[in-house]
Amino acid sequence: MKLYYSPGACSLAAHIILNEINVDFDLEKVNLKTHQTEKGANYYDINPKGYVPALEINPGLILTENVAILPFLAQHDPKQDLIPPSGMGRAKVLEWLGYLNSELHDAYAVFFGGPLEGEAKSKAYKEVDRLLTHIDKTISESENDYLVDDNFGPADAYLFVITNWSKSIGHDLSPYQHINAIRDKVAERQSVQIAMRDEGLIA
Ligand SMILES: N[C@@H](CCC(=O)N[C@@H](CS)C(=O)NCC(=O)O)C(=O)O
């Protein structure tokens with residue numbers, strides 16, 4: 001398998017799960033401004049949508065979209081801890097992935113679409129805070145160690161990656177203690193440390 005990624009982008013979640021499932025994989029960095037890969041390919045030939053992540057499963061077989069890639073990878077976990085194979089547990093993972101992708105990811109993405117000023121900027125921060133408040137409250141009301149049950153899974157990886165962007169948009173994540181409790185556990189995982197190091201995000 002090969003993951004097309006950009007350092008620190010949402011593709012980091014797939015990178016983390018690849019490290020968790022113990023498969024051989026390659027990485028190819030994509031320059032999202034020029035849409036060239038580090039090997040000189042035109043990225044639009046690989047993913048016509050132009051964004052990361054893209055997962056090459058076999059030569060010529062490409063899977064895109066976080067909500068498809070993350071469960072696809074997680075189900076390769078030999079211990080079956082990352083995602084339940086069926087039933088409500090799996091549906092709950094997909095529910096979180098859908099919400100993170102269509103709501104939280106989008107709310108942060110507004111900051112990366114171009115410079116935000118004045119009212120538009122404060123509205124964008126408010127939206128991020130509104131969603132984080134909901135997520136934090138939901139976690140506080142559950143007795144789980146992670147977003148779904150007591151096992152780390154793809155939704156936790158995705159939440160970790162998206163909330164990492166708070167730093168680059170100048171957003172204060174400290175009020176969200178339940179999110180931060182999950183973030184702290186995720187950050188300690190070897191899969192996460194290795195992925196962040198391999199993307200050049202930490203030394
Ligand atoms: N719907 C896509 C969105 C992916 C996405 O937004 N990727 C961002 C990085 S986090 C990207 O590559 N942006 C550059 C671009 O759109 O050109 C998914 O969930 O996989």
Side-chain angles (χ1 to χ4, degrees), residues 1-21 25-57 61-76 82-83 90 92-116 124-125 127-128 131-132 135 147-148 153-171 173 179 183 186-187 191-192 195-196 198-202:
M1 285 200 258
K2 185 198 278 186
L3 177 68
Y4 291 90
Y5 79 103
S6 173
C10 51
S11 44
L12 175 60
H15 191 174
I16 290 167
I17 302 300
L18 276 163
N19 284 342
E20 291 275 345
I21 62 175
F25 67 94
D26 295 317
L27 291 169
E28 191 160 336
K29 191 170 10 177
V30 179
N31 181 326
L32 291 172
K33 290 206 176 87
T34 62
H35 296 96
Q36 293 283 306
T37 76
E38 63 183 327
K39 290 192 176 157
N42 177 352
Y43 187 57
Y44 285 116
D45 291 340
I46 293 146
N47 179 7
K49 297 177 218 172
Y51 48 64
V52 292
L55 182 71
E56 187 186 68
I57 293 155
L61 178 59
I62 299 280
L63 186 65
T64 62
E65 302 298 327
N66 281 296
V67 294
I69 291 172
L70 292 170
F72 173 79
L73 289 175
Q75 71 200 13
H76 284 73
L82 290 174
I83 189 167
R90 187 180 183 89
K92 283 285 167 195
V93 174
L94 300 182
E95 181 183 46
W96 269 114
L97 289 176
Y99 183 71
L100 293 172
N101 186 247
S102 63
E103 307 295 329
L104 191 64
H105 184 156
D106 266 20
Y108 277 87
V110 170
F111 289 87
F112 304 125
L116 278 179
Y125 280 127
E127 179 61 358
V128 167
L131 297 169
L132 292 174
I135 295 169
L147 287 178
V148 182
D156 305 294
Y158 198 14
L159 177 66
F160 174 80
V161 169
I162 297 172
T163 50
N164 276 349
W165 302 337
S166 275
K167 210 170 176 186
S168 47
I169 67 166
H171 171 261
L173 200 55
I179 292 175
R183 279 182 53 78
V186 173
S191 61
V192 175
M196 292 187 70
D198 288 351
E199 294 197 9
L201 303 169
I202 55 174

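Indexing begins at 1, ligand by ligand and atom by atom, following the structure's order. One-based numbering along the sequence shown. Being a predicted model, the structure only gives us computed values, none of them experimental.
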Pair L131, Y99 - check side chain to side chain contact (heavy atoms under 4.5 Å, CB included), show working. CA-CA 10 Å; L131 297 169; Y99 183 71; 3.2 Å; yes
Extract all N/O-N/O pairs under 3.5 Å that connect ligand 1 to the protein, and present each with both atom names and the distance rounded to 0.1 Å.
unit_1: ligand 1; atom_1: 1 (N); unit_2: E65; atom_2: OE1; d: 2.6
unit_1: ligand 1; atom_1: 6 (O); unit_2: H105; atom_2: NE2; d: 3.4
unit_1: ligand 1; atom_1: 7 (N); unit_2: V52; atom_2: O; d: 2.8
unit_1: ligand 1; atom_1: 12 (O); unit_2: V52; atom_2: N; d: 3.0
unit_1: ligand 1; atom_1: 19 (O); unit_2: N66; atom_2: N; d: 3.4
unit_1: ligand 1; atom_1: 19 (O); unit_2: N66; atom_2: ND2; d: 3.0
unit_1: ligand 1; atom_1: 19 (O); unit_2: N101; atom_2: ND2; d: 2.8
unit_1: ligand 1; atom_1: 20 (O); unit_2: N66; atom_2: N; d: 3.0
unit_1: ligand 1; atom_1: 20 (O); unit_2: N66; atom_2: ND2; d: 3.2

Basic-acidic side-chain contact under 4.0 Å: K29, E199: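 No salt bridge links K29 with E199.
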Could I get the full list of side-chain hydrogen bond (donor to acceptor under 3.5 Å, both in side chains) partners for Y43, not counting sequence neighbours?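 Y43 satisfies side-chain hydrogen bond (donor to acceptor under 3.5 Å, both in side chains) with no other residue.
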Under the salt bridge (charged side-chain N to carboxylate O under 4.0 Å, His left out) test, which residues partner E103, sequence neighbours left out?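 Listed in chain order: nothing, the list is empty.
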Among residues at least two apart in sequence or on other chains, which ones pass salt bridge (charged side-chain N to carboxylate O under 4.0 Å, His left out) with E38? none
Describe, in one word, how the ring planes of F111 and Y125 are oriented to each other, choosing from parallel (under 30°), tilted (30 to 60°) and perpendicular (over 60°). tilted
